[in-house]
Amino acid sequence: MLDSQALRSDIESVARRLAARSFSLDVAGFRAIEEERKAVQVHTQELQAVRNQFAKRIGQAKSKGEDVAELMAESGRANAELAELEKRLEGIQQRLQDFMLGVPNVPHESVPPGNSPADNREIRKSGTPRALGFAARDHVHIGERLRLLDFGSATKIAGARFVLMKGLLARLHRAIAQFMLDVHTQEHGYTEVYVPYLVNAESMRGTGQLPKFEADLFAVPRGEEGKFYLIPTAEVPVTNIVRDEIVPLESLPLKFVCHSPCFRSEAGSYGKDTRGMIRQHQFDKVELVQIVHPQDSYQQLEQLTSHAEEILKRLELPYRVVALCTGDIGFSAAKTYDIEVWLPGQSAYREISSCSNFEAFQARRMQARFRGEKGKPELVHTLNGSGLAVGRTLVAIMENYQRADCGIDIPLVLQPYMGNLKAIEPPP
RNA sequence: GGAGAGGUGACGGAGCGGUUGAACGUGCCGGUCUCGAAAACCGGAAUACGCGCAAGCGUAUCGUGGGUUCGAAUCCCACCCUCUCCGCCA
C-alpha cells in the first residue's frame with residue numbers, strides 16, 4: 001500500500017511513476033472520494049464533539065442533582081444526524097481503503113523502464129554452460145530414463161502440475177534444500193524458521209497477495225465463512241512475523257530463512273511450461289526474508305541477491321542476474337532482480353530466484369514498524385528472495401550435470417549430503 | 001469436541017455507566033542533589049487520523065465486531081485469542 005499522504009499531496013507524480021509499470025491510477029476518482037471524505041469526516045467529528053460536550057454536561061449536571069431532561073432531549077436530537085454521518089463516513093473510508101489496496105507499488109528510480117520481459121536488463125552473468133559433447137536432454141527425459149521422476153503417478157494421485165520423485169532423486173531434492181539452509185544459516189547470518197503453511201486472510205493482505213490475487217491461491221474452508229489459504233511462498237508467513245509489531249531498532253536487520261512447500265493455483269498460466277516440473281501447483285523453496293531499516297534496504301537487496309547467487313556458484317551452475325523492468329515487476333515490489341539459471345534442455349536461462357525490495361509497501365499494510373532514532377515508530381522496509389527454488393534447482397542440476405547415458409553427476413558440494421555419492425547411475 | 005477462568009498502556013495491575021486516555025507501581029526520558037553514581041525528590045512521556053502556516057484544537061482507540069444509552073473500559077450479544085481440566089490425536 002502506498003502512503004495516502006503522498007497521494008494527497010502529489011498524486012500527479014505518483015500517477016506518472018505508476019504509468020511506467022502500465023498501471024493507470026484513477027486520479028479523478030481518488031480526488032472525488034478524497035474530497036467527499038474530507039467534508040464528511042470534518043462534519044462527523046464536529047458532531048461527535050458536540051455529542052461529547054452534551055454527555056459531559058449531563059454528567060456534571062446530574063452529579064449536582066439538577067434536572068437534565070431538557071439536555072438529554074437536545075442531545076438525542078443532535079445524535080440522529082450523527083449516526084447517519086458516521087455510517088456514511090465508514091462507507092467512504094472503506095472505499096478509500098479498497099482503492100489503496102488495489103494500487104501497486106511505485107518502481108524505484110533505478111528500475112529500467114519497459115513494458116515486457118524483453119526490456120529487462122541483464123546485470124551480470126556467471127559461469128559458462130559446459131560442453132556436453134552430445135545433444136542435451138531435458139530433465140523429464142532424464143528423470144524418466146532413471147525411473148526416478150514419475151509424472152503419471154502424480155497425475156493419478158492429484159492431477160496435472162504435480163510430480164512424484166523417487167529414490168535418489170527424492171534424496172537429491174532433500175539434499176539441495178539442506179545445503180541451502182546450511183549455507184544461509186551458517187554463513188549468511190539468517191535465522192531458520194519453521195512456519196504455518198496455512199495462513200489467514202490478514203497475512204495474505206499484509207504481503208499483498210490479497211485482495212487482488214485470490215485466484216492464484218488455494219483456499220481451505222474453515223468454519224462458517226472463514227478460510228485458510230495455502231501459502232504460495234514462505235514470504236507470507238515469515239514476513240508477517242512482524243505484522244502489528246514494533247521491533248526494537250537494535251534488532252534490525254531481521255534475517256530469516258525458511259524452507260517450505262509453496263502452493264500456487266497457476267490460474268492464467270494454461271499452456272505455459274506444461275512439460276516437466278518447471279511450473280507446479282506444489283514445489284519447495286528456501287526463502288530469504290529481511291526486515292530492515294529503510295535507509296539500508298537497497299544495500300540489503302544487493303546483499304540478499306548475492307546470497308542467492310552464492311548457492312548457484314557453489315553448485316557451479318551458470319546463471320545471470322536480470323533487473324526486471326518497470327512493466328515486469330510484481331505488484332508489491334519497488335525493485336526486483338531475477339536470477340536465471342541455464343537450462344541445457346531448453347537452451348535458455350530460466351528464473352530460479354526472484355529478489356525484491358518492497359520498501360514500506362508491505363510494512364504499511366502490515367503496520368510493521370520499528371522505534372526510530374527519535375523514539376517514534378516508523379515503518380520498516382521488507383525484502384525477500386528465493387534462495388533458491390528447490391525443484392528448479394534440481395532440474396538445473398539434472399540438466400547441467402547430465403551424462404550421455406542419462407546418469408547425473410552429483411555436484412561436489414552436495415556429495416556430503418548424499419552419503420558421498422558421486423553420481424546417480426541409470427538402471428540397466 | 002466438553003467444562004471453567006481470563007483478555008486494560010513497554011510490563012505488572014486498579015477501574016460505582018458520567019469532567020477516565022485511563023489510578024497506582026515498575027521500567028523509560030529530562031532535571032535537582034552529588035566529585036561521580038546510587039537513593040531520594042521534581043517533571044515528562046501512548047498510537048492513529050482530521051483541521052490548521054503554526055501554536056493548537058478535535059476525533060478515535062481498554063481482544064474484534066455489533067447492540068443498549070444523552071453518555072460504555074464498565075451493561076447485553078456474537079466471534080477471536082490465551083490459560084487450566086477432561087476427551088481425542090502425530
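Values below: all heavy atoms of this structure, side chains included; hydrogens, waters and symmetry mates excluded. Residue numbering restarts at 1 for every chain, and letters A, B, ... go by the order of the sequence lines.
Here rC79(B) presents its P atom at 19 Å from CG of N200(A), a figure rounded to the nearest Å. Separating the CD1 atom of I246(A) from the P atom of rA48(B) is a distance of 8 Å, rounded to the nearest angstrom. In this structure, K376(A) places its NZ atom 7 Å from P of rA46(B), rounding to the nearest Å. One atom, CD of Q53(A), and another, P of rG58(B), lie 8 Å apart when rounded to the nearest Å. Atom-to-atom, NZ of K62(A) to C1' of rC16(B) comes out at 14 Å; the value is rounded to the nearest Å. The interatomic distance linking M100(A) (CE) with rC49(B) (C1') rounds to 14 Å, in whole Å. Residue H43(A) contributes atom NE2, which lies 24 Å from atom P of rC49(B) at whole-angstrom precision. With rounding to whole Å, E34(A) atom CD is found 12 Å from rC49(B) atom C1'.
Using a 4.0 Å heavy-atom cutoff across all strands shown, Q60(A) reaches at least one base atom of the nucleic acid. Among the protein residues, R37(A) comes within range of the sugar-phosphate backbone only, with heavy atoms under 4.0 Å from sugar or phosphate atoms but none that close to a base. Among the atoms of the strands shown, none is found under 4.0 Å from any heavy atom of E86(A).
Pair check for rG12(B) finds rC24(B); Watson-Crick or G-U wobble, both atom distances under 3.5 Å. When Watson-Crick and G-U wobble pairs are counted only if both distances are under 3.5 Å, rG36(B) pairs with no nucleotide at all. rC89(B) makes up no base pair with any nucleotide shown, lacking Watson-Crick or G-U wobble contacts both under 3.5 Å. rC57(B) is paired with rG50(B) under the Watson-Crick or G-U wobble criterion, all donor-acceptor distances under 3.5 Å. As the counterpart of rG6(B), rC81(B) is assigned, both hydrogen-bonding distances of the Watson-Crick or G-U wobble pattern falling under 3.5 Å. In this structure rC70(B) sits in a base pair with rG18(B), meeting the Watson-Crick or G-U test at under 3.5 Å. For rG43(B), the paired nucleotide is rC29(B), the pair qualifying as Watson-Crick or G-U wobble because both relevant distances are below 3.5 Å.
Between rU47(B), rU19(B), rG71(B), one nucleotide has an atom nearer to the side chain of K56(A) than all others, and that is rU19(B). In this structure, of rA48(B), rG71(B), rC49(B), it is rC49(B) that holds the atom nearest to the side chain of Q41(A). Taking every side-chain heavy atom of Q45(A) into account, rC49(B) is the closest of rC70(B), rC49(B), rC51(B). Nearest to the side-chain atoms of R8(A) among the listed nucleotides rG50(B), rA48(B), rG18(B) stands rG50(B). For R371(A), whose side chain is taken as the heavy atoms from C-beta onward, the closest listed nucleotide among rU47(B), rG18(B), rU59(B) is rU47(B). Relative to the side chain of S75(A), the nucleotides rU47(B), rC70(B), rG50(B) differ in distance, and rC70(B) lies closest. The K38(A) side chain lies nearest to rG52(B) when the options are rU47(B), rC70(B), rG52(B). Checking rC70(B), rC51(B), rU47(B) against every side-chain atom of M72(A), the shortest atom distance belongs to rC70(B).
Inter-residue side-chain proximity for N79(A) and L82(A) is flagged as met; some heavy-atom pair is nearer than 4.5 Å. Residues D119(A) and N115(A) have side chains in contact (heavy-atom distance under 4.5 Å, counting atoms from C-beta outward). Side-chain contact check for M398(A) versus I424(A): every heavy-atom pair is 4.5 Å or farther apart.
Contact between the side-chain N/O atoms of R51(A) and the OP1/OP2 oxygens of rA72(B) is not found at any separation under 4.0 Å. Phosphate contact (OP1/OP2 of rC51(B), side-chain N/O of Q48(A), threshold under 4.0 Å): absent. The side chain of N52(A) contributes no N or O atom lying less than 4.0 Å from OP1 or OP2 of rU19(B).
With C1' as the reference atom, rA73(B) and rG9(B) are 12 Å apart, rounded to whole Å. Taking atom C1' in both rG7(B) and rU64(B), one finds a spacing of 11 Å when rounded to whole Å. Spacing between rC28(B) and rA22(B) at atom P, rounded to whole Å, works out to 23 Å. With both ends at atom C1', the span from rG15(B) to rA54(B) equals 38 Å, rounded to whole Å. Taking the C1' atom of each, rG13(B) and rA78(B) are spaced 29 Å apart, rounded to whole Å. With both ends at atom P, the span from rG27(B) to rC35(B) equals 25 Å, rounded to whole Å. Spacing between rG12(B) and rC83(B) at atom P, rounded to whole Å, works out to 15 Å. Atom name P, nucleotides rG63(B) and rG56(B): the rounded distance is 31 Å, in whole Å.
Around atom CD of E302(A), more than 12 heavy atoms belonging to other residues, nucleotides or ligands sit under 6.0 Å away.
P237(A) approaches I231(A) most closely through the heavy-atom pair CD-CG2, 3.6 Å.
Taking the centre of each ring, F218(A) and H281(A) come in below the 6.0 Å mark.
Each of E90(A) and A55(A) has a nearest nucleotide on RNA chain B; the 5'-most of these lies closest to A55(A). Between A73(A) and V50(A), the residue whose closest nucleotide on RNA chain B is further toward the 5' end is V50(A).
To the nearest 0.5 Å, the span separating NZ on K255(A) from CD on E192(A) amounts to 15.0 Å.
In this pair, F213(A) and F331(A) present their aromatic rings perpendicular. The plane angle is above 60°, beyond the 30 to 60° band.
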